[in-house]
Amino acid sequence: MAALSADASAAARILAAIRDVPHGAVAGYGQIARRAGLPGRARMVARLLAGNDDPTLPWHRILRSDGRIAFPPASKGHREQARRLRAEGVVVANGRVRMPRSDHEDLDAALWGPEGA
DNA sequence: GAAATGACGCGTT
DNA sequence: GAACGCGCCATTT
């Protein structure tokens, strides 16, 4: 069958990685792509979220590498995402989220699982 | 097939 | 920390 996307399996892996983010945790586009086994495809993650039809997908947990919300500060999506993050206990200040710049593999676990890991 | 667009990332200023 | 520029990937025109 014709491949409407670049790689259906790749998309599935990305979605799986996003779903793998626990409640109260956040991750970056590049980080998700990397976890999905697709380094450098951060934009592909964004594209999937932009066209996601899955309301159960925790898209609000996906932020930029700087820890900032991808949407413009005046955008509705930005407000929606910030609201949802706060509802999960994530501290959002000035459209910014506490994000560890040094992603050590050991600390990486803490990023994904603040409760466990 | 080339140019333009987009929920990105990183280095530099 | 903010602003600017360049690079990368995938889809659309």
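Values reported hereafter were calculated over all heavy atoms of this structure, with side chains retained and with hydrogens, waters and symmetry mates removed. This one's a predicted model, so the numbers in the text were calculated from it and none came from an experiment. Every chain is numbered from 1 and lettered A, B, ... according to where its sequence line falls, protein lines coming before strand lines.
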Kindly say if [X] contacts the phosphate of [N], meaning a side-chain N or O under 4.0 Å from OP1 or OP2.
X: R43(A); N: dA10(C); value: no
X: R41(A); N: dA10(C); value: yes
X: S75(A); N: dA7(B); value: no
X: R96(A); N: dA2(C); value: yes
X: R68(A); N: dA2(C); value: yes

| Which pairs count as salt bridge (Lys or Arg N to Asp or Glu O under 4.0 Å) when at least one residue sits in residues 44-62 of chain A, sequence neighbours excluded? | R19(A)-D54(A), R61(A)-E88(A)

For [X] and [N], give me the distance from atom [atom1] to atom [atom2], rounded to whole Å.
X: N52(A); N: dG6(B); atom1: CG; atom2: C1'; value: 15 Å
X: D7(A); N: dT11(C); atom1: CG; atom2: C1'; value: 14 Å
X: Y29(A); N: dG9(B); atom1: OH; atom2: P; value: 8 Å
X: R47(A); N: dC8(C); atom1: CZ; atom2: C1'; value: 15 Å
X: R13(A); N: dC9(C); atom1: CZ; atom2: P; value: 16 Å
X: D66(A); N: dA7(B); atom1: CG; atom2: C1'; value: 14 Å
X: I32(A); N: dA7(B); atom1: CD1; atom2: C1'; value: 13 Å

Check residues 71-80 of chain A and write down every donor-acceptor pair under 3.5 Å in which the side-chain atom is one partner and the other belongs to a residue at least two apart or another chain.
none

